[in-house]
Amino acid sequence: MLVRAGRPVWYSWQPAAPPPRVLTRLYLCVCTRVQMTTEAMATEQMNGNGIEESIETSTAVVRSEHYQTLLTAGLPRKVADKLDEIYLAGLVSHSDLDERALDALREFNEEGALSVLQQFKESDLSHVQNKSAFLCGVMKTYRQREKQGSKVTDANKGPDETKIKALLERTGYTLDVTTGQRKYGGPPPDAVHSGPQPNSGTEIFVGKIPRDLFEDELVPLFEKAGPIWDLRLMMDPLTGLNRGYAFVTFCSKDSAQEAVKLCDNHEIRPGKHIGVCISVANNRLFVGSIPKSKTKEQIMEEFGKVTEGLTDVILYHQPDDKKKNRGFCFLEFEDHKSAAQARRRLMSGKVKVWGNVVTVEWADPIEDPDPEVMSKVKVLFVRNLASTVTEELLEKTFSHFGKLERVKKLKDYAFVHFDERDGAVKAMNEMNGKDLEGENIEIVLAKPPDKKKKERQAQRQAARSQLYEDYYYYPPPRMPPPTRNRNRGARGGYSYPLDYYSYEDYYDYYGYDYHDYRGGYEDPYYG
C-alpha cells in the first residue's frame, strides 16, 4: 500500500512465474506424497476399538522346502509349481518319489507333465503304497492314451470306495493299488494266517470276470473256500476297469481245490459265469544258441553271473554224442519273479553269454496229472539211453520184472508198456539209475495222454494277453519253443532251433513235457 496525496492507494502484486525446473520438482514431490499417503491408508485399518491393524494387500506364494530341489533337478518352473502344490496338499511327500520318477517326468514336455500331475492329483491314493511307482504308471498310461487317443470317463474310475472300506474294516486286510493291479492282502492278518507264504498249488486263476467288478464282490465269494493269502485283480489303466481276470492265493492247497469246486462256472452276476482253475507259476526259461561243447556246470556258472535266483540247469545231450549238448538248455529259477527278470534282461540284447546273444523264451510249466490217474499207469518212460540200445535189448532187460505189451524207442528215450502195474513199479524201483550200455538210465512213470488237452490249449491261446503272460504263462501247443530271426522263408519271423528235435514223432509218442523228466504217450501206443 502507498500513500499518495493523503490517500492510500492499493496495488495487486503477482509474483514472477517460477522456472520450469522448479515446477517439475514440485509436481514430483506432490505425487510422491500422494502415493505414500495412499499406501499408508491401504495398509491401515481401524477396528471397532479404534486400534489400528495392518492388512496385506497381496497374497504371498508359499513353497515347500523341496521346491528349489525340483528346479535343480531340471523340471520346468510350471511343472515344479504343480508338483510342489501336490506336496503342500499332503497327497505325496518328496521322499515318496525316487529319482526314476523325476527323471521320467522330466522327459515329458511341459503340457504333458502338467496333465500327468493333474491326473495323479485326482487319483485315489488312499490304497497306494508305492506312490513313486504309481506316478510312473500314470506316465506310462498317459503315453498309451496319447497314442490311442482314449480317455478315462468319470464312470469308469473304479469301485465303490464305501464298500471297499467296509470290506477292509471287516477283514483287517490291506489293499495296495497300482496302475496295473489291485492287490488285496499278501500277507493276511496274523489272526487269519501267521505261517510262511504258501507254496505252489495254492493259487487259482479266475477268468471271465465282469470288467466293472471289484474286491467287494470277489472276496466274499472266495473266502468261503478258506483263508485267502492274497487276491490280485489285474487292471487296465486305459479304461480304469479290470482286465477280466484275477489270481487268488489261498493259505493251503485244500482251500484252493475247494475254491475250484465251489466257484468254477459260478454265476457271479445274472448271466455272467466265471471260470476257475489251479494256476501254475512258470519258473523256467528256454535258452537257445548256447555252445554245444558246454557242460551243465559251465552253463550254471556263466548264467549265474548275469541272473539272480538261478537254481538249476536242465541240459540234454545229443543221442549219438553224449559229450555235446543240443544247443539249448532250460534255466530253473527259485520263483516266477526271478525268471521274469532274467528273461527281460537276457532278451534286452545287452547281455551276452560267451560273447553271444542267446535266444530266450518261456518254457512250458510243469503240470502234474491227477494222482488218481497216475495211480493206474503201467507204462515206464526211460531216458538217457545210449545209441547202441535197441528195442530188443530193452525188451530183454525189462521182461524180467513182468509181462510186456510192447516197447517203443525214440532217439535216446523209450516207452516200456507192462501188462500189470506191479511189474512197472518194480522195474522202475530196481532199474532207475542203473548202467545200460555205458549210460545211467533214468526211469519214471509215464504221463497218460490228456483227452481235453487240445481244447484247453485252444482256449488258452485265444485268451492269453501280453500282461497275463508276464505273470503266468499257459503253455501253447506242445512244440519246440521258437526263436526270433529274420531269415527268409521263416513264417512270421520265427523258426525253430536246430537240433531241438529232429524227429517228427516227438508229439505222437510224447504228448506231455519231455523236459520235466516225466514221460507221456499218445495213441496208438496207449490203451
Any salt bridge linking R182 with E215? Criterion: basic side-chain nitrogen under 4.0 Å from a carboxylate oxygen. yes
Could you check whether any side-chain heavy atom of L213 comes within less than 4.5 Å of a side-chain heavy atom of K272, counting everything from C-beta outward? no
Atom NZ of K140 with >12 non-hydrogen neighbours under 6.0 angstrom: no
Looking at D98 and K131, does any basic side-chain N land under 4.0 Å from a carboxylate oxygen? no
What closest approach, in Å, do Y67 and D81 show between heavy atoms, and which atom pair accounts for it? OH-OD1, 2.6 Å
Going by an N to O cut-off under 4.0 Å, is there a salt bridge joining E85 and K121? yes
Can you confirm whether C136 sits close enough to R100 that some side-chain heavy atom of one is under 4.5 Å from a side-chain heavy atom of the other? yes
Expected output: side-chain D264 to main-chain V276 donor-acceptor under 3.5 Å: yes
For side-chain contact (heavy atoms from CB on, under 4.5 Å), just list the numbers for T178 and V128, CA-CA rounded to whole Å, side-chain angles, deciding distance to a tenth of an Å, and then say yes or no. CA-CA 7 Å; T178 66; V128 177; over 6 Å; no
Looking at E217 and R269, is any side-chain nitrogen of the basic one under 4.0 Å from a carboxylate oxygen of the acidic one? yes
Would you check if the side chain of D216 reaches a backbone N or O of I164 as a donor-acceptor pair within less than 3.5 Å? no
K296/D312 salt bridge by N-O under 4.0 Å criterion: yes
Output yes when a side-chain donor or acceptor of N242 lies under 3.5 Å from a complementary backbone atom of P210, and no otherwise. yes
So how far is it from E332 CD to N283 CG, rounded to the nearest 0.5 Å? 6.0 Å
Main-chain N/O of E334 paired to S338 side chain as donor or acceptor, under 3.5 Å: no
Name the orientation class of the two ring planes belonging to H94 and Y87 (parallel below 30°, tilted from 30 to 60°, perpendicular beyond 60°). perpendicular
Flag side-chain contact, heavy atom, 4.5 Å: L117 against V79: yes
Please lay out, stage by stage, how F286 and F328 fare under the test side-chain contact (heavy atoms from CB on, under 4.5 Å). CA-CA 7 Å; F286 164 83; F328 68 90; 3.5 Å; yes
Donor on one side chain, acceptor on other, R232 and Y245, under 3.5 Å: no
Does the side chain of F120 come within less than 4.5 Å of I86's, by heavy atoms? yes
Do M234 and F247 have side chains that get closer than 4.5 Å, going by heavy atoms? yes
Give the minimum heavy-atom separation between Y413 and R383, together with the two atoms involved. CB-CA, 3.9 Å
K208 versus H273: any side-chain heavy-atom pair under 4.5 Å? no
Give the C-alpha distance, both sets of side-chain angles, the deciding distance and a yes or no for side-chain contact (heavy atoms from CB on, under 4.5 Å) between L218 and Y184. CA-CA 11 Å; L218 288 172; Y184 169 85; over 6 Å; no
Using a strict 4.0 Å threshold on nitrogen-to-oxygen distance, state whether E308 and R345 make a salt bridge. no
Minimum heavy-atom distance R170-P220, with the two atoms named: NH2-CG, 4.4 Å
L285 side, atom CG; M347 side, atom CE - distance, nearest 0.5 Å: 10.0 Å
Salt-bridge contact D103-R106 (side-chain N to carboxylate O under 4.0 Å): yes
Between K253 and E258, is there a side-chain heavy-atom distance shorter than 4.5 Å? no
Got a donor-acceptor contact below 3.5 angstrom from the H336 side chain to the N282 backbone? yes
Value rounded to 0.5 Å, distance of CD in E302 from CG in L310: 11.5 Å
Please check if atom CD in E267 has more than 12 non-hydrogen atoms from other residues, nucleotides or ligands closer than 6.0 Å. yes
Nearest 0.5 Å, what's the SG-CG distance between C263 and L221? 4.0 Å
Heavy atoms of C329 and V313 approach each other most closely as CB-CG1, 4.2 Å
Residues D230, K183; criterion side-chain contact (heavy atoms from CB on, under 4.5 Å); working and verdict: CA-CA 7 Å; D230 68 18; K183 183 180 179 182; 3.8 Å; yes
Euclidean distance, H66 NE2 relative to L88 CG, rounded to 0.5 Å: 10.0 Å
How many angstroms lie between CD in Q181 and CZ in R243, if you round to the nearest 0.5 Å? 11.0 Å
Provide the closest heavy-atom pair for P291 versus N325 in the form atom of the first, atom of the second, distance. O-ND2, 3.0 Å
Heavy atoms, side chains only, cut-off 4.5 Å: are Q197 and W229 in contact? yes
Quick check: closest heavy atoms across P227 and S255, and the distance to 0.1 Å? CD-OG, 3.9 Å
